[in-house]
Amino acid sequence: MSTDVAESLGGPKKAGSGEEAVVTVLSTSAVEVGPEDGASALDVDSRSVRRPRRSRRKHAAHSVLQGLRRHYGTFTTITGYLALGVGIFAGLWLALGADVMLPFGVGWSVFLIWACAHVGGYVATQLNMPALLGMLVAGAALQNAGAIRLPHQWSAKIRSGGLAVILLRAGLKIDEKAFQRAGFLVARLGALPVLCEAMVDSAVFIGVYGMPPALGFTGGFILSALSPTVLVTGMLELQRRGYGHAKAIPSIEMAATGIDSVLAITGFAVASGIAIPSGTGIIEKLHGPLIVVLGVAVALIGGLLCSWTKLWNNTPKRAAVVLVSGLVMMYAGVKWDYLGAAALGCIGQAIFAAYLWRIGQPKLLSMGPVPEHGATADAQLAMLWMILVMPLLFGSIGAEIDFKLIDRSLWPKALLLIFVGGFMTRVPAAALALSHGGGFTLAERIFMAASWVPKATIQGALGGLPLDLVNAHMAGSPDLARYQRWASDILNTGVLAIVICAPLGLLIIGLAGPRVLEKGRAEGTSSSSSSSGSDSDCDAARDEEAAVTAVRRPLRRSQRWRRRLPAAWGAVLGGKAKRKESLNAAKRVRSAVAAGEVDAEMLEVASAT
């Protein structure tokens with residue numbers, strides 16, 4: 001075999017030469033490959049022998065060019081965002097005038113918070129952290145660096161609008177099918193942990209912080225809420241990859257977040273109405289119960305208004321009427337001192353509207369039952385949330401943090417509250433709620449309970465509201481300074497809870513989920529095979545996609561896969577291969593899958609990767 005290889009390279013070589021060493025290596029590799037694959041291995045190695053040597057300077061230049069090609073997409077993305085930011089700033093400058101958009105002006109501060117929050121969120125996602133954490137850090141950095149001067153009234157308006165969008169999306173996301181499948185299990189998981197933690201957090205606020213009972217319960221319900229944004233993000237990724245799909249674990253946890261948010265907001269609304277009354281009359285003394293009554297009333301009215309699908313006959317109209325009615329409720333509640341009722345009205349309106357869309361009521365003004373209206377309206381609000389509301393909300397919350405004004409004695413108290421309430425109470429309560437029903441294993445119960453710890457959205461939206469209420473209703477009161485300090489403690493404790501619990505919860509979901517949950521078919525694939533033509537085409541398409549995925553990354557690392565699939569190697573992985581050649585190679589790979597020539601274990605590992 002070695003003689004044939006030597007002759008193919010130009011005849012016999014002298015002993016001791018460098019070329020003889022190359023020939024020996026080639027012949028050895030050919031023997032290892034086998035007679036059937038020796039020709040293709042010889043062709044590959046002979047090409048590498050004939051390639052001329054590059055000088056060091058050319059090699060360095062080639063490496064630089066390869067690096068630029070690899071990062072070209074990132075460079076163009078960043079350049080595009082920078083160009084958009086400059087264009088938006090120029091438009092605002094021309095529309096609002098130089099006085100507003102000058103550095104340290106109100107418009108400048110809002111724009112800088114929005115832009116830097118986007119940058120902070122991008123950096124956080126690259127570090128596998130929640131984007132809202134990076135937005136909080138960006139706002140706090142701007143404030144403590146003295147780069148912005150945002151008036152408190154503007155920050156309060158931004159937080160109120162952001163809270164309205166959060167509550168509307170939470171109401172639209174409640175999954176009725178998950179309730180039908182799991183029933184009492186979802187209700188237990190949504191109610192028991194938040195109520196238990198609210199009691200413990202309130203006790204810590206009253207006993208350790210020295211707050212009045214009503215204000216302590218206000219802070220307790222704020223700190224006890226779960227973050228729908230963080231948990232839903234992690235669970236959607238697990239659901240997409242097929243983990244826990246057989247027992248509907250992601251769907252159950254996402255459905256329970258709606259109950260958690262509703263109970264936390266209801267408790268906050270009642271407790272804040274009692275803790276910070278707006279007067280001394282009879283109506284003011286009944287402020288807490290009136291919040292619940294008014295919240296339910298405006299929720300029913302708003303949901304009925306949004307259900308007129310003959311009037312709101314497309315998705316943008318339905319999303320717009322939900323958003324506009326929610327914002328009107330929220331800002332009206334702020335103006336007339338019924339913020340808790342407005343919060344209940346927003347989330348209740350979204351729940352009621354989605355329910356009426358599903359059943360097609362009222363018949364006179366409805367176009368019929370369409371269960372998808374809730375999801376499509378939420379998708380429209382999600383775009384607004386990601387682009388505008390989320391950066392402004394969490395950036396303005398971070399801008400409220402001034403490290404110079406935070407008392408150092410607060411940190412031990414805050415850490416004690418987070419540890420006792422968020423971990424020692426919430427996790428066991430969630431495990432207790434999952435102890436009956438569902439057919440979960442012990443490891444799955446532990447994972448579901450441990451994933452119930454992230455805090456971010458509700459704490460960010462509600463954390464600054466007690467301070468707003470104190471400043472609005474207690475001006476001139478002899479207790480103003482103490483209440484301001486207590487309200488600031490609630491805000492700063494909520495921010496610290498976000499910093500600790502949000503990345504921890506996301507890490508638990510991302511790392512422990514694939515190891516604990518059973519993997520079924522990924523979302524969007526059929527769960528049963530059929531002999532019909534359409535099903536076989538779907539199976540073939542899935543096999544082709546899995547095979548192409550299998551030959552992309554593992555083939556770069558192992559020579560034996562180059563020998564196993566020599567035809568597909570150059571076509572699929574070659575950077576200069578034409579699309580037609582890639583399609584032909586994919587067909588050959590699919591044939592190899594059908595013939596059983598590709599290792600099924602490698603396909604499974606590559607698909608999971």
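Side chains of Ile397 and Phe394 form a contact here, defined as non-hydrogen atoms less than 4.5 Å apart. Side-chain contact between Leu215 and Ile490: present, with at least one pair of heavy atoms (C-beta onward) separated by less than 4.5 Å. By the 4.5 Å heavy-atom criterion applied to side chains, Phe217 and Met199 are counted as neighbours. Phe423 has its side chain within reach of Leu504: a pair of non-hydrogen atoms, C-beta onward, lies under 4.5 Å apart. The shortest side-chain heavy-atom distance between Trp486 and Val470 does not fall under the 4.5 Å cut-off. Counting heavy atoms from C-beta on, the side chains of Phe221 and Leu263 never come closer than 4.5 Å. Contact of the Val296 side chain with the Leu344 side chain is not registered, since no non-hydrogen atoms from C-beta on lie closer than 4.5 Å. Between Met135 and Cys116, every side-chain heavy-atom pair lies at or beyond the 4.5 Å cut-off.
Looking at Thr218, its side chain does come within 3.5 Å of a backbone N or O of Ala214 through a donor-acceptor pair. For Gln143 (side chain) and Ala140 (main-chain N/O), no donor-acceptor pair under 3.5 Å exists by modelled atom type. Not one N or O on the side chain of Tyr338 forms a donor-acceptor pair closer than 3.5 Å with the backbone of Ala332. Under the 3.5 Å distance criterion, the side-chain polar atoms of Arg149 are left unmatched by any main-chain donor or acceptor of Pro103. Side-chain atoms of Lys247 come within 3.5 Å of backbone atoms of Gly439 as a donor-acceptor pair (strictly under, hydrogens ignored).
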Criterion ring pair (Phe, Tyr, Trp, His ring centres under 6.0 Å) on Trp108 and Phe111, from CA distance to verdict: CA-CA 5 Å; Trp108 164 265; Phe111 174 79; 7.2 Å; no
Chi angles and distances behind the salt bridge (charged side-chain N to carboxylate O under 4.0 Å, His left out) call for Asp260, Arg426: CA-CA 12 Å; Asp260 187 287; Arg426 172 172 279 272; 3.3 Å; yes
side-chain hydrogen bond (donor to acceptor under 3.5 Å, both in side chains) between Tyr483 and Ser477, intermediate numbers included: CA-CA 10 Å; Tyr483 272 81; Ser477 172; over 6 Å; no
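Atom CE in Met390 sits 9.0 Å away from atom CD1 in Ile166 (nearest 0.5 Å). Taken from OG in Ser227 to CH2 in Trp452, the straight-line distance is 11.0 Å, to the nearest 0.5 Å. Atom-to-atom distance recorded for Phe205:CZ and Leu223:CG is 4.5 Å, nearest 0.5 angstrom. Between atom CG of residue Leu432 and atom SG of residue Cys196 there is a gap of 8.0 Å, rounded to the nearest 0.5 Å. Asp378 contributes atom CG, which lies 4.5 Å from atom CZ of Arg169 (distance to the nearest 0.5 angstrom). For the atom pair CD1 of Ile249 and CD of Glu518, the computed distance is 8.0 Å after rounding to the nearest 0.5 Å.
Enclosure of atom NZ in Lys157 is not indicated, since only 12 or fewer non-hydrogen atoms of other residues, nucleotides or ligands lie within 6.0 angstrom.
Classified by interplanar angle (parallel below 30°, tilted 30° to 60°, perpendicular above 60°), the ring pair His118/Trp114 is perpendicular.
By the 4.0 Å N-to-carboxylate-O rule, Arg159 lies close enough to Asp468 to be salt-bridged with it.
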